[in-house]
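Here is how names work: the chains are called A, B, and so on, in the same order as the sequence lines, proteins then strands, and each is numbered from 1. Because the structure is predicted, anything quoted here is derived from the model rather than measured.
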Amino acid sequence: MEKGGYPFTEIEAQWQKYWETHKTFSATDGTRPKGQLTGGKPKFYVLDMFPYPSGQGLHVGHPEGYTASDIIARYKRMKGFNVLHPFGWDAFGLPAEQYAIQTGTHPAVTTQKNIDNMRRQVKSLGFSYDWDRQVDTTDLGYYKWTQWIFLKLYNSWFDEDRQKARPIEELPIPAELSDAQREQYINDQRLAYEAFAPVNWCPELGTVLANEEVVGGVSERGGFPVIRKPMRQWMLRITRYAERLMKGLDLVDWPESIRKLQTDWIGRSVGASVDFQVDGHEAVIRVFTTRPDTLFGATYMVLAPEHPLVDAITTDVYRPDVNQYRQQAARKSDLDRTDLAKDKTGQFTGAYAINPVNDGLIPIWISDYVLISYGTGAIMAVPAHDERDWEFAKKFELPIIPVVQPTPEAALQTDLAAKLRTEGVKDVVAAVLSAVKRCEICFVGDGVAINSGSFNDLPTAEFKIRITDWLSSRNLGKQAVCYKLRDWLFSRQRYWGEPFPIIHTDDGRTVALSEQDLPLGLPEVADYKPTGTGEPPLAKATDWVNVTLPDGRTGKRETNTMPQWAGSCWYYLRYLDPHNEREPFAADKERYWMPVDLYIGGAEHAVLHLLYSRFWHHLLYDLGYVSTPEPFKKLINQGMILGEDNQKMSKSRGNVINPDKVIEEYGADSMRLYEMFMGPLEATKPWSMQGVEGVHRFLNRLWRTVIDENTGKISENVQESEQDEETQRLLHQTIQKVGEDIESFGFNTAISQMMIFVNHLSKLKIRPKDAIESLVLILSPFAPHICEELWRRLGHPNTLAYETWPAHDPSRTRAQRVELAVQVLGKIKDRIVVPADSDTATIEAAALASEKVRAALAGKPVKKTIVVQGRLVNLVI
RNA sequence: GGCCGAGUGGCGGAAUGGCAGACGCUGGGGAUUUAAAAUCCCCUGCCCGAAAGGGCGUGAGGGUUCGAUUCCCUCCUCGGCUACCA
């Protein structure tokens with residue numbers, strides 16, 4: 001229940017109803033908002049990351065970002081922008097499906113119920129969303145277009161020369177191919193393709209997981225073990241966009257840390273590919289290395305256990321051991337791999353490769369420290385200059401040849417150097433150099449070549465260039481670029497996701513639906529359980545699965561569904577034109593609203609969601625459907641909110657704060673204000689109920705300052721009167737600071753400033769009405785309900801949402817006389833009051849008039865006087 | 001192990017080269033009240049002191065500067081992300 005004070009429950013309900021019935025926040029495409037003249041308002045698109053409608057309802061973390069974006073949206077409207085501020089639901093996902101498995105309730109029913117509840121909660125906070133634009137990714141009218149984009153991916157290829165996607169019809173196809181080869185050739189170029197590849201299989205969940213959904217070897221959801229199992233999957237060729245996704249980051253205004261996360265995730269490295277002939281075989285092993293300069297130090301090779309050449313090159317003697325090792329590796333979960341990282345394992349194949357630079361024979365091993373999914377799945381091992389190879393070589397007693405002599409600077413940065421320094425060794429560099437030469441330590445830095453034939457004495461950087469040229473000229477290798485980024489595993493063995501618009505015909509072909517056949521709706525199924533063999537629940541909907549094509553061929557529908565990321569990849573575009581049944585969004589609306597000017601959401605989506613949606617956006621850009629190369633201009637991450645015990649909020653800890661309760665007791669305005677007052681938006685910070693009471697007291701004080709509590713009318717103290725100098729100065733300072741702080745997302749300090757001003761006003765006997773009106777306007781983005789109510793009671797019949805943001809007069813923010821601190825040699829000795837525009841000489845004279853200052857000077861002459869306007873004067877003696 | 005971020009009163013935080021601790025919370029004292037809640041006023045970094053006053057103080061140590069919470073170097077602690085990517 002309400003805890004005394006102003007009647008927020010009533011006020012908030014009333015204004016929420018007003019906004020809804022008046023469609024106050026409806027955004028009009030390309031023109032001014034309703035009720036105003038059409039004209040050239042600048043647009044502003046402020047977007048929240050839409051939530052998954054969970055059964056738990058809203059968490060106090062959600063309103064943090066939503067309040068921040070709402071403040072911006074409301075502020076921008078008052079600054080004369082045409083604001084688009086929409087909301088929606090990322091509603092496909094596992095929880096509703098698991099609930100369905102347990103109870104038999106259709107996930108759509110659960111989802112709708114959860115959406116209704118969360119929408120009620122979101123609305124109770126008074127956000128200025130344009131609810132007519134709400135989207136729901138599970139809505140047939142929405143996922144029709146998700147499927148449409150999938151078809152665009154399927155029907156496109158990436159032209160490396162032009163660095164852009166093009167329709168598959170434009171793919172140049174070699175002339176001499178047979179029909180089957182031709183089809184294969186095309187399928188190999190499609191941006192959506194099927195692959196039979198080892199994936200993360202979670203037996204417990206009965207589904208495949210993306211790498212990102214596996215955390216520390218167990219499923220992110222549920223914490224079940226995950227093993228590697230080869231299965232047929234849909235993949236998206238995001239890797240073709242690696243370069244574009246990297247370069248696009250230069251166009252956006254994102255936190256440096258997020259850009260770096262994405263850059264690292266894409267993981268571009270430049271090096272060389274080098275071919276090693278297998279001794280006595282036709283086979284050639286191609287490796288990728290960033291250190292071609294260490295080729296002379298390659299003393300063995302390692303293939304990933306899954307490498308296709310392993311079978312061919314393994315000798316009969318080693319075959320049983322090799323096969324056993326491969327089986328072991330295949331079964332290993334990621335957790336096992338991680339755990340065993342400290343202890344390398346491997347198996348010799350019996351085969352040898354020829355080192356192209358010196359024709360030396362080097363043994364070929366297999367080991368799971370080499371990943372099939374990166375580079376070529378094979379490495380040349382240079383134990384002297386690579387930590388992993390060093391460990392492996394030590395364990396299996398393989399030879400180590402040093403080929404890089406550290407530069408002095410690099411030598412000093414080694415661990416050994418640090419150790420030697422503490423031991424007081426004099427010539428640290430010489431000691432490190434000799435340790436490298438004697439193979440006592442592994443050195444990974446730069447230096448000068450040794451033991452490298454005619455390349456000796458070359459510095460690392462130059463060696464890399466020279467050896468790459470040398471290899472190219474002999475057709476043994478060439479410069480190469482590798483990315484950590486992998487193709488995106490795009491299918492899930494689940495029910496509650498978008499069905500693929502794909503049919504597998506009984507004659508073994510894959511046929512995509514045409515766009516006219518969309519949407520392909522989810523069928524009803526008897527139960528939602530995965531079959532446990534990897535076959536998805538949709539396989540049980542036989543009526544749906546079995547189809548006959550117009551040409552009489554029979555086939556089965558794809559029974560995998562798309563991952564949750566799919567719907568969230570493009571929702572920001574659907575908001576532009578959410579009811580369009582003929583296209584995902586109209587081109588003119590896209591051109592008007594895009595790009596998103598401000599995107600606010602959690603840092604947990606720093607990599608995946610943002611990378612995936614950028615990828616789709618790039619595709620749509622290439623195909624001409626969107627006009628901006630990047631979707632999200634500015635990005636802000638809100639921080640995490642901890643429980644009152646400074647721990648992550650969780651049911652088990654019992655420290656979860658329920659937003660409904662907070663709103664019930666203190667009101668939505670107090671909730672919003674507190675979320676912003678806690679601290680900087682991006683920071684992790686703990687909740688405090690007493691803090692909520694603090695801001696609530698502030699709103700009560702504001703109310704009492706303006707309203708006579710007995711009559712509910714404007715207080716007699718509020719009058720149309722001249723502002724005294726201090727009130728005027730404080731008001732203008734407050735207007736200025738609040739505006740600047742909103743622009744820089746410093747909401748906490750904006751609120752403090754308004755608290756200072758309210759504290760001042762509340763002490764005045766006569767409170768100038770115009771000052772109060774300005775205050776109400778600048779507070780309204782933060783606490784809209786109470787401000788709307790005060791605005792009305794101050795005599796304004798309409799909403800304040802489109803009132804002009806008050807202007808501050810810089811000449812009124814300055815005081816006429818200022819107090820300065822007087823320092824002698826940087827230590828404060830006294831304070832003086834002088835006219836604000838005093839010159840240095842006047843200030844110095846005033847300072848010298850002080851007893852305390854003279855005492856501190858002790859008769860010494862002042863050598864230098866430093867004046868910081870309005871702050872201090874420092875006398876240097 | 002790597003990367004990113006952060007260390008300021010009893011607590012959340014403010015100040016990013018110029019008076020450290022704004023604003024809020026907590027705590028203490030007072031006013032009001034039959035009493036309480038609410039409200040209002042005063043105090044509230046630490047140490048010495050009866051006070052006046054003085055000293056210390058932004059994780060630790062060094063440096064740059066007239067002046068450093070802020071910039072530079074070394075180290076410590078905590079949080080987040082990531083993890084054999086050749």
Original post:
Cut-off 3.5 Å, side chains only: do A:Q479 and A:T468 have a donor facing an acceptor?
Top reply: no
Original post:
Atom CG of A:D415 and atom P of B:rG1: how far apart are they, to the nearest Å?
Top reply: 10 Å
Original post:
Which base, if any, makes a Watson-Crick or G-U wobble pair with B:rC84, both distances under 3.5 Å?
Top reply: none
Original post:
For the pair made of CG in A:N646 and P in B:rG7, what is the distance, rounded to whole Å?
Top reply: 14 Å
Original post:
Paired with B:rU74: which nucleotide, if any, by Watson-Crick or G-U wobble criteria at under 3.5 Å for both distances?
Top reply: B:rA60
**OP:** Output all residues satisfying side-chain contact (heavy atoms from CB on, under 4.5 Å) with A:D275, sequence neighbours left out; order by chain, then residue number.
**Re:** A:V284, A:R286
Original post:
Counting any heavy atom closer than 4.0 Å, what does A:S373 reach on the DNA or RNA strands: base, sugar-phosphate only, or nothing?
Top reply: nothing
Subject >> Phosphate OP1/OP2 of B:rC40 contacted by A:R704 side-chain N/O (<4.0 Å) >> reply: yes
**OP:** May I ask you to check whether A:E709 and A:Y6 show a side-chain donor-acceptor distance below 3.5 Å?
**Re:** no
Original post:
If you pin A:K763 and A:D264 to their nearest nucleotides in RNA chain B, which one's is more 5'?
Top reply: A:D264
Original post:
When the distance from CH2 of A:W687 to C1' of B:rC11 is rounded to whole Å, what number comes out?
Top reply: 16 Å
Original post:
What nucleic acid atoms does A:K260 come within less than 4.0 Å of, heavy atoms only: base, sugar-phosphate, or nothing?
Top reply: sugar-phosphate
Original post:
Is it true that A:F392 and A:Y300 have ring centroids separated by less than 6.0 Å?
Top reply: yes
**OP:** Select one nucleotide: of B:rU39, B:rA86, B:rC4, the one nearest the side-chain heavy atoms of A:S257.
**Re:** B:rC4
Original post:
Between B:rC43 and B:rG57, how far is it from one P atom to the other, in whole Å?
Top reply: 26 Å
**OP:** For nucleotides B:rG12 and B:rG45, find the distance between their C1' atoms and express it as a whole number of Å.
**Re:** 16 Å
**OP:** Scan A:Q753 against the nucleic acid and name what it touches under 4.0 Å (heavy atoms): base, sugar-phosphate only, or nothing.
**Re:** nothing
Original post:
Rounding to a whole Å, what distance do you find between A:L485:CG and B:rU82:C1'?
Top reply: 15 Å
Subject >> Interatomic distance at P, B:rG2 relative to B:rC11, whole Å >> reply: 32 Å
Subject >> C1' spacing across the pair B:rU69 / B:rA60, given as an integer number of angstrom >> reply: 15 Å
**OP:** Could you tell me whether the side chain of A:K344 has a donor or acceptor atom within less than 3.5 Å of a complementary atom in the base of B:rC84?
**Re:** yes
**OP:** Give the rounded distance in Å between these two atoms: NZ of A:K829 and C1' of B:rG54.
**Re:** 10 Å
**OP:** Could you measure between the two C1' atoms, the one in B:rG13 and the one in B:rC23, and give it in whole Å?
**Re:** 8 Å
**OP:** Scan every strand shown for a Watson-Crick or G-U wobble partner of B:rC23, both distances under 3.5 Å, and answer none if you come up empty.
**Re:** B:rG12
Subject >> Rounded interatomic separation in angstrom, taking CZ from A:F698 and C1' from B:rC25 >> reply: 15 Å
Subject >> First encountered from the 5' end of RNA chain B, between A:E819 and A:L825 >> reply: A:E819
**OP:** Mind checking A:N759 for me? I need base, sugar-phosphate or nothing, with any heavy atom below 4.0 Å counting as a touch.
**Re:** sugar-phosphate
Original post:
Under a 3.5 Å cut-off for both distances, is B:rG17 Watson-Crick or wobble paired, and to whom?
Top reply: none
Original post:
Does a donor on one side chain sit under 3.5 Å from an acceptor on the other, for A:T734 and A:Q753?
Top reply: yes
**OP:** For nucleotides B:rU16 and B:rG67, find the distance between their C1' atoms and express it as a whole number of Å.
**Re:** 15 Å
Original post:
Within the pair A:R286 and B:rA86, is there a side-chain N or O less than 4.0 Å away from OP1 or OP2?
Top reply: no
Original post:
In terms of heavy-atom contacts, does CZ of A:R871 have more than 12 from other residues, nucleotides or ligands at under 6.0 Å?
Top reply: no
Close N or O pairs between protein and nucleotides 13-18 of chain B (under 3.5 Å):
from: B:rA14; atom 1: OP1; to: A:N748; atom 2: ND2; distance (Å): 2.9
from: B:rG18; atom 1: N2; to: A:N874; atom 2: ND2; distance (Å): 3.4

Original post:
P atom, B:rG10 versus B:rG21: distance in rounded Å?
Top reply: 16 Å
Original post:
Where does B:rG9 fall, syn or anti, if syn means a chi angle no more than 90° from 0?
Top reply: syn
Original post:
B:rA51 pairs with which nucleotide, Watson-Crick or G-U wobble, both distances below 3.5 Å?
Top reply: none
Subject >> A:E64 bridged to A:K685 by N-O distance under 4.0 Å >> reply: yes
**OP:** State whether A:S688 places a side-chain N or O below 4.0 Å from either non-bridging phosphate oxygen (OP1 or OP2) of B:rC11.
**Re:** no
Subject >> Modelled atom types, side-chain donor and acceptor of A:S715 and A:D708, under 3.5 Å >> reply: no
**OP:** Specify the separation, in whole Å, of atom CZ of A:F288 and atom P of B:rA86.
**Re:** 7 Å
**OP:** Using only side-chain N and O atoms of A:R701, determine if any of them is under 4.0 Å from OP1 or OP2 of B:rC40.
**Re:** yes
Original post:
Which one, B:rG24, B:rA86, B:rG80, comes nearest to the side chain of A:M755?
Top reply: B:rG24
Subject >> Output field: ring centroids A:H696/A:Y674 closer than 6.0 Å >> reply: no
**OP:** Kindly write out the residues that satisfy side-chain contact (heavy atoms from CB on, under 4.5 Å) with A:K860, not counting sequence neighbours, or none if the list is empty.
**Re:** A:I877
Subject >> Distance between P atoms of B:rG18 and B:rC71 (Å, rounded) >> reply: 11 Å
**OP:** Measure the distance from CD on A:E604 to P on B:rG80 and round it to the nearest whole Å.
**Re:** 13 Å
Original post:
When we call it a touch if two heavy atoms are under 4.0 Å apart, what does A:I379 touch: a base, just sugar-phosphate, or nothing?
Top reply: base
